[in-house]
Amino acid sequence: MAFGKLFVVATPIGNLKDLSYRAEETLKNIDFIACEDTRVTSILLKNFDIHRELISFNAQSESRKIEYVLERIKNGENCALVSDAGTPCISDPGVRLVNEAIKNGIEIAGIPGPNAAILALSISGLPTDSFVFEGFIPQKKGRQKKLKELCDEKRTIVLYESTYRIEKLLIELNEYMPNRFVVVCRELTKMFEESWRGYPKELLEEFPNKTNKGEYVVIISPIKWE
Ligand code: SAM
């Protein structure tokens, strides 16, 4: 029997209308979906009237489930890998599954779509010809070292940050790179989407007037800019 395929499918980062037509079509036609959280993906499927088997595939279960998913694909089933939001494998589970699938001779098809980092870069107004994506920097151990390293980074820097650490990050940027222009994008594509721009000190001054709840992408300008 011929192997099935592994489809890596990007899903919305907040606005369900951002699911692409191809993503919808793919999710309707595959045999099963490996998703981070079945409750989150169920909401998406319900909205598009998609009825497919969901199996949970997250950071905790990834190593246990890889073999199971690969076996099913080798037995001819098509699988879609999705994460809770955005593009799988980008600061999300799935890298090992894709890697093992490739090693097993399984064909991979990517269905492109939303990604918070690329969206934030595209609206940042900062140079995008060359950038470095760092995702989440370490929360505790290694955080200061990473920030020091980034001080020498010549390209635009893209970071992901959570509600809980965004203020801390701005304080750190003010300490480590006060002369770099920063764009903070919050809740992209959602109802309370906003972006603020300025040097770290200016952003910190504004911070108390802001609701800090939400998801963030932080874009930091190159060392020499304008
Ligand atoms: N795979 C996802 C992607 O393609 O963007 C990223 C997943 S990562 C676990 C989640 C982080 O992405 C959030 O903590 C936040 O930093 C960023 N993010 C995701 N959705 C966002 C949104 N709507 N607005 C701003 N940042 C977002």
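Atoms within a ligand are numbered from 1 in the order they appear, just like the ligands themselves.
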Of Ile90, Val218, Val184, Leu119, the residue with the heavy atom nearest atom 6 (C) of ligand 1 is Ile90
What part of [X] sits under 4.0 Å from ligand 1 if we count only heavy atoms: the side chain, the backbone, both or neither?
X	answer
Ala85	backbone
Asp92	side chain
Glu187	backbone
Tyr216	backbone

Are Tyr216 and Tyr160 an aromatic pair by the rule of ring centers under 6.0 Å? no
Nearest to [atom], what protein heavy atom do you find, and at what distance?
atom	answer
atom 11 (C) of ligand 1	Phe136 CZ, 3.5 Å
atom 21 (C) of ligand 1	Glu215 OE1, 3.6 Å
atom 22 (C) of ligand 1	Leu188 N, 3.5 Å
atom 18 (N) of ligand 1	Ala116 CB, 3.5 Å
atom 8 (S) of ligand 1	Ser91 O, 3.6 Å

Between Glu107 and Gly4 (side chain of the first, backbone of the second, donor and acceptor by atom type, cut-off under 3.5 Å), is there such a pair? no
With Asp31, which of Ile73, Asn75, Asn78 fulfils side chain to side chain contact (heavy atoms under 4.5 Å, CB included)? Asn78
Suppose I only count heavy atoms of [X] and a 4.0 Å limit; which atoms of ligand 1 are within that range?
X	value
Glu161	14 (O), 16 (O)
Asn115	3 (C), 4 (O), 5 (O)
Gly86	3 (C), 4 (O)
Lys190	23 (N)

Classify the side-chain pair Arg64/Ser61 by whether it contains a donor and acceptor separated by less than 3.5 Å. no
Is it true that Gln144 and Tyr176 share a donor-acceptor pair across their side chains at a distance under 3.5 Å?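 Present: a donor and an acceptor within the cut-off.
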SB check [X] [Y] (cutoff 4.0 Å):
X	Y	answer
Glu53	Arg72	yes
Glu149	Lys146	yes
Glu25	Lys28	no

Contact (N/O only, under 3.5 Å) between [X] and ligand 1:
X	value
Thr87	yes
Ser83	no
Ile13	yes

Assess whether atom NZ of Lys168 is packed by more than 12 heavy atoms of other residues, nucleotides or ligands within 6.0 Å. yes
Take Lys74 and Glu100, measure what salt bridge (charged side-chain N to carboxylate O under 4.0 Å, His left out) needs, and give me the verdict at the end. CA-CA 12 Å; Lys74 284 186 188 170; Glu100 290 298 323; over 6 Å; no
What are the two closest heavy atoms between Thr38 and Leu54, and how far apart are they?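 Distance-wise, the nearest heavy atoms are O-CD1, 3.7 Å.
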